[in-house]
There are 2 protein chains.
Amino acid sequence: MRNPLSARAVRGKADQPSAGAARRAVPTAVDLGPLGGFIGYRLRRAQLSVFAGFELALREIGLTPGELSVLVVIARNPGLRQSDVCAALGIQRANFTPLLHALEADGLAIREVLPADRRSNALRLTSHGRDVLARALALHERLEKRITACLGEAGRTQLIDLLRKLETL
Amino acid sequence: MRNPLSARAVRGKADQPSAGAARRAVPTAVDLGPLGGFIGYRLRRAQLSVFAGFELALREIGLTPGELSVLVVIARNPGLRQSDVCAALGIQRANFTPLLHALEADGLAIREVLPADRRSNALRLTSHGRDVLARALALHERLEKRITACLGEAGRTQLIDLLRKLETL
DNA sequence: ATCATGTGATTATTTATCATAACTAATTAT
DNA sequence: ATAATTAGTTATGATAAATAATCACATGAT
């Protein structure tokens with residue numbers, strides 16, 4: 001199974017003292033200093049957590065976040081060329097090729113040479129691809145629900161808005 | 001120079017049609033569909049953007065985000081053991097070793113065997129390490145300023161708060 | 001028509017990140 | 001003592017991302 005992101009627990013352990021550490025001065029609270037206020041640090045930790053949740057939620061399908069995003073874009077824009085998908089998702093063309101080939105090998109997507117420009121490949125989902133995408137979106141919905149439960153509906157929209165602003169830093 | 005994250009432009013190109021694409025139906029607006037509402041997707045794009053900004057801001061020092069976080073934690077908690085730093089930052093011990101050795105090789109940090117438990121290494125910054133950290137924090141401050149300018153002061157605190165909630169998903 | 005140039009896709013290569021497993025040395029517990 | 005843990009290291013594999021080079025095709029100018 002292709003496996004994008006491990007399900008590693010996000011919190012370290014060392015939550016309980018452990019026999020060997022019992023003697024040392026309470027290491028339970030490490031001072032993060034200014035780090036806790038770094039947007040980059042918080043982004044990284046949050047993304048690790050959410051991606052771990054993604055891997056868990058979509059385990060039975062085995063899609064990576066990147067693959068799901070490609071499937072969604074192709075489904076909404078059938079016939080799109082590879083470069084356009086790359087540009088839309090911020091993926092390097094060179095890295096896109098093997099990703100797409102994996103989707104093709106799994107029977108989810110097809111490339112057909114564009115008659116108007118035979119250098120280009122127009123991308124489409126197979127009907128199987130549409131089925132898998134629908135199931136994946138349903139599973140993913142559960143993850144988003146969990147997130148909404150965690151942030152509140154207002155918090156969720158706020159977060160999306162703030163993150164979108166960051167993209168154009 | 002150790003280089004964690006490339007300075008790749010976050011926006012794809014294809015902003016102007018380009019001669020070859022002039023004929024096709026306007027590909028300028030790709031429909032992202034539900035993707036735009038995925039927290040995971042927004043997180044990934046935002047983190048790419050912020051990390052690119054990080055790499056740019058700290059280029060002259062050449063610290064990675066991970067390395068800076070380790071320096072900060074050691075500075076605030078001198079004498080801390082490796083495992084404690086790992087647990088605090090969510091880094092695997094196995095991956096921490098080479099990271100720390102790099103800091104040591106650059107003369108920023110030192111490991112000294114803990115007499116009380118000779119399996120453990122207590123970590124400290126060298127004075128040079130403290131100098132570099134101070135410079136790095138100053139440079140990083142500029143990045144945070146840019147982010148604040150982008151989000152507003154209130155937006156920034158909101159974002160941190162929301163991201164922290166996500167960590168415990 | 002041809003030729004220089006640019007573009008789409010691919011391949012190969014490199015680097016960084018993250019995870020797992022196995023190993024050593026030291027410590028603690030029975 | 002012996003067994004079980006723990007800290008750190010090493011080795012390894014998988015993934016992601018970036019760069020450079022290559023090939024096929026398309027375009028624009030001569």
Side-chain angles (χ1 to χ4, degrees), chain A residues 1-10 12-14 16-24 27 44 47-48 51-52 55 62 64-67 69 80-87 89-102 104 111-123, chain B residues 1-10 12-14 16-24 27 44 47-48 51-52 55 64-67 80-87 89-102 104 111-123:
Chain A
M1 176 187 301
R2 280 170 283 106
N3 186 6
L5 214 49
S6 84
R8 176 177 68 82
V10 169
K13 54 185 172 75
Q16 45 238 33
S18 90
R23 185 179 300 164
R24 284 180 299 95
R44 170 180 166 268
Q47 201 201 343
L48 243 45
F51 271 39
E55 202 270 342
T64 71
E67 287 168 341
S69 71
L80 209 61
R81 298 172 315 135
Q82 295 188 194
S83 306
D84 296 329
V85 177
C86 288
L89 294 177
I91 302 175
Q92 299 291 118
R93 283 196 320 231
N95 299 327
F96 187 72
T97 297
L99 193 164
L100 177 60
H101 286 12
E104 223 180 351
R111 295 175 297 164
E112 42 188 18
V113 170
L114 206 87
D117 183 344
R118 303 204 333 273
R119 293 170 301 179
S120 301
N121 294 327
L123 305 183
Chain B
M1 178 186 298
R2 279 170 282 106
N3 187 7
L5 214 50
S6 84
R8 176 177 66 81
V10 168
K13 55 185 171 78
Q16 45 239 31
S18 89
R23 183 179 301 165
R24 284 180 301 93
R44 171 180 163 269
Q47 202 202 339
L48 242 45
F51 270 39
E55 202 270 341
T64 71
E67 288 169 340
L80 209 60
R81 299 172 314 135
Q82 295 189 194
S83 307
D84 296 329
V85 177
C86 288
L89 294 177
I91 303 174
Q92 299 290 119
R93 281 193 323 227
N95 299 328
F96 187 72
T97 298
L99 192 164
L100 177 61
H101 285 13
E104 222 180 351
R111 295 175 299 164
E112 41 190 16
V113 171
L114 209 91
D117 182 344
R118 304 203 334 273
R119 293 169 302 179
S120 301
N121 293 327
L123 305 183

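Per chain, numbering begins at 1; letters A, B, ... match sequence-line order. The basis for the numbers below is simple: all heavy atoms, side chains too, and nothing from hydrogens, waters or symmetry mates.
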State which of [options] makes the closest approach to the side chain of [X].
X	options	answer
A/Leu48	C/dC18, D/dA26, C/dA9	C/dC18
B/Gln82	C/dA21, D/dG8, C/dA9	D/dG8
A/Ser120	C/dA26, C/dT11, C/dG8	C/dG8

Most 5' of A/Ala94 and B/Ala94 on DNA chain C, judged by nearest nucleotide: A/Ala94

Between [N] atom [atom2] and [X] atom [atom1], what is the distance in whole Å?
X	N	atom1	atom2	value
A/Leu100	C/dT11	CG	P	11 Å
A/Leu99	D/dA14	CG	P	17 Å
A/Arg44	C/dT17	CZ	C1'	10 Å
A/Ile91	C/dG8	CD1	P	16 Å
B/Leu114	D/dG8	CG	P	9 Å
A/Glu55	D/dT15	CD	C1'	12 Å
A/Asp84	C/dA9	CG	C1'	13 Å
A/His101	C/dA12	NE2	P	11 Å

Contact nearer the 5' end of DNA chain D, comparing A/Gly66 with A/Pro115: A/Gly66

Which residue lies more 5' along DNA chain D, comparing A/Arg118 with A/Asn95 via nearest heavy atoms: A/Asn95

Separation between CG of B/Asp84 and CD of B/Gln82, rounded to the nearest 0.5 Å: 10.0 Å

For [N], take OP1 and OP2 only and decide whether either is under 4.0 Å from a side-chain N or O of [X].
X	N	answer
B/Arg93	D/dG8	no
A/Arg119	D/dA24	no
A/Gln92	D/dA18	yes
A/Ser83	C/dA9	yes

Side chain to side chain, B/Val113 and B/Asn121, heavy atoms closer than 4.5 Å: yes

Min side-chain heavy-atom separation B/Thr97-B/His101 under 4.5 Å: yes

side-chain contact (heavy atoms from CB on, under 4.5 Å) against A/Leu89, all qualifying residues, sequence neighbours excluded: A/Ser69, A/Val70, A/Val73, A/Val85, A/Ile91, B/Leu32, B/Leu35, B/Tyr41

